[in-house]
Amino acid sequence: MKLSEKFGRGFSEDTLKNCRKFYLIYKDRISETVFELFAVEKSETVFSFFKDQMPFSLQWSHYLVLIRIDNADERSFYEIEAAKSGWNVRTLQRQYNSSLYERLALSRNKDAVLQLASEGNVVTKPEDIVKQPTVLEFLGMEEKAEYVESDLESAIIDKLQKFLLEMGKGYLFEARQKRFTYGEDHFYVDLVFYNRLLRCYVVVDLKTDKLTHQDLGQMQMYVNYYDQYEKLDDENPAVGILLCKEKNDALVEITLPKDANVFASEYRLYLPDKKLLQDKLKEWIAEEDDGN
């Protein structure tokens, strides 16, 4: 009440609790105490005291999401990505709910995981655009429903903007069911994209059942074709991504050469269990530490 009388609106009990939490998390960025900041001038919200003078690039509503993230590295990643990619609050919340940080981290080595927290998702090599798993809950398809690849493809095209957001940075859509002919045979690639950050084609095939070695071989053939007949001299080799209902890492490893630009990612039609992914990431980091 006294604060409202002195400074105006914006000093409810919930707001003050959030501001206290914000201060405790980000106090290293704040060179003055909260009390000194209060004395600056009248303002509608406490956050303006921080934002006007300190290096905070997002809106208060973004930080209301961020301060609820306990893991400091994860929180830093989402703050960096939200600022760099211009996410609104709804997008930030969706990316957090979809466990984007854990899914990217599980696709990288330990040093690259640390880079996520300090630099965000920096795309410099094909592995940087692959998530484990890929989350397609926005398609609105029932997990237990019977459907074929064409159903999944049509749903993706209908929600293309959201699909590009899930796939990551730098994607440009080129075609669906892109036909190419080799010899006397015709082949059809489900989805073709271009990634302007990697400067290469990204071809995507959809599999609504268990991944087979034939699927991997076919995708390797697609990538080889694009490298030989579509890629320009100053562009990088094509990348192939198989989005599948179920994959076997051992099968992928034994089928593809180590330098293959072909990746398999399971897709989910629902938001993943965040706690399960967090536990999996902790186990993976522990295994990395034991191996060093």
Side-chain angles (χ1 to χ4, degrees), residues 3-4 7 9-35 37-38 43-108 112-122 131-138 162 165-166 168-169 268 270-286:
L3 287 173
S4 296
F7 296 107
R9 298 170 52 195
F11 294 94
S12 68
E13 182 177 350
D14 286 342
T15 297
L16 292 175
K17 286 181 178 179
N18 286 327
C19 287
R20 180 179 183 275
K21 191 170 185 178
F22 173 87
Y23 173 74
L24 292 175
I25 290 174
Y26 294 105
K27 59 185 177 182
D28 290 343
R29 294 195 208 170
I30 301 173
S31 59
E32 303 173 78
T33 68
V34 176
F35 303 104
L37 289 172
F38 273 135
S43 176
E44 288 191 3
T45 65
V46 179
F47 180 62
S48 66
F49 288 117
F50 298 108
K51 188 171 174 60
D52 289 346
Q53 300 187 22
M54 306 302 165
F56 296 105
S57 56
L58 301 173
Q59 298 300 315
W60 175 241
S61 52
H62 290 83
Y63 286 101
L64 287 178
V65 176
L66 293 171
I67 62 177
R68 287 163 173 76
I69 301 175
D70 294 330
N71 184 293
D73 289 342
E74 183 181 5
R75 186 191 315 118
S76 175
F77 164 77
Y78 284 113
E79 182 180 7
I80 292 170
E81 283 299 300
K84 287 168 56 177
S85 303
W87 291 347
N88 58 28
V89 177
R90 179 177 295 181
T91 300
L92 170 61
Q93 188 68 62
R94 187 267 168 186
Q95 298 288 39
Y96 173 73
N97 290 344
S98 74
S99 304
L100 177 63
Y101 172 77
E102 289 87 357
R103 293 187 291 126
L104 287 173
L106 286 169
S107 303
R108 287 157 167 73
V113 172
L114 297 176
Q115 185 183 38
L116 286 175
S118 60
E119 301 179 35
N121 184 25
V122 179
K131 302 183 182 73
Q132 301 293 354
T134 299
V135 178
L136 306 179
E137 94 291 347
F138 53 83
K162 291 184 177 180
L165 177 65
E166 169 61 17
K169 298 178 179 178
R268 296 285 185 269
Y270 54 87
L271 291 176
D273 185 325
K274 191 171 187 68
K275 178 66 165 56
L276 185 64
L277 281 177
Q278 288 174 338
D279 291 343
K280 187 175 181 180
L281 180 58
K282 289 178 183 177
E283 292 175 6
W284 178 83
I285 292 177

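The figures that follow rest on heavy atoms only: side chains count, while hydrogens, waters and symmetry mates do not.
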Next on the checklist: Walk me through whether Phe138 and Leu271 qualify under side-chain contact (heavy atoms from CB on, under 4.5 Å).
Outcome noted: CA-CA 9 Å; Phe138 53 83; Leu271 291 176; over 6 Å; no
Checklist entry - Taking it one step at a time, do Trp87 and Leu165 satisfy side-chain contact (heavy atoms from CB on, under 4.5 Å)? => result CA-CA 10 Å; Trp87 291 347; Leu165 177 65; 4.1 Å; yes
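By the 30° and 60° cut-offs, the orientation of the rings of Tyr63 relative to Phe22 is perpendicular.
Of the charged side-chain nitrogens involved, none lies within less than 4.0 Å of a carboxylate oxygen, so that Lys162 and Glu137 do not count as a salt-bridged pair. Under 4.0 Å is where a charged nitrogen must lie from a carboxylate oxygen, and between Glu102 and Lys274 at least one such pair does.
Of the N and O atoms on the side chains of Asp73 and Ser76, not one donor lies less than 3.5 Å from an acceptor on the other residue.
With rounding to the nearest 0.5 angstrom, the CD atom of Gln59 is 11.0 Å from the CG atom of Leu64. Note: Leu114 CG to Phe77 CZ = 13.5 Å, rounded to the nearest 0.5 Å. Put simply, CG on Asp273 and CG on Asp279 are 8.5 Å apart, with the number rounded to the nearest 0.5 Å. One finds the CD atom of Glu81 at 11.0 Å from the CD atom of Glu119 (value rounded to the nearest 0.5 Å). Note that CD of Glu74 is 5.0 Å distant from CD1 of Ile69, once rounded to the nearest 0.5 Å. In this structure, the separation between CD on Gln93 and CG on Leu66 is 9.5 Å, given to the nearest 0.5 Å.
Residues passing the ring pair (Phe, Tyr, Trp, His ring centres under 6.0 Å) test with Tyr96, sequence neighbours excluded: Tyr78.
The two residues Ser85 and Lys169 make their nearest non-hydrogen contact at OG-CE, 4.0 Å. The shortest heavy-atom contact between Pro272 and Val135 is CD-CG2, 3.7 Å. Counting all heavy atoms, side chain and backbone alike, His62 lies closest to Asn88 at NE2-C, 3.7 Å. The shortest heavy-atom contact between Leu92 and Ala82 is CD1-CB, 4.4 Å. The two residues Arg75 and Ile25 have their closest heavy-atom pair at NH1-CG2, 3.4 Å. Contact detail for Ile80 and Ser118: the closest heavy-atom pair is CD1-O, 3.4 Å.
Counting non-hydrogen atoms of neighbouring residues, nucleotides and ligands closer than 6.0 angstrom, the NZ atom of Lys21 exceeds 12 such neighbours.
Checked options Lys131, Arg108, Gln115, Lys84; the residue passing with Asn121 is Arg108 (criterion: side chain to side chain donor-acceptor pair (under 3.5 Å)).
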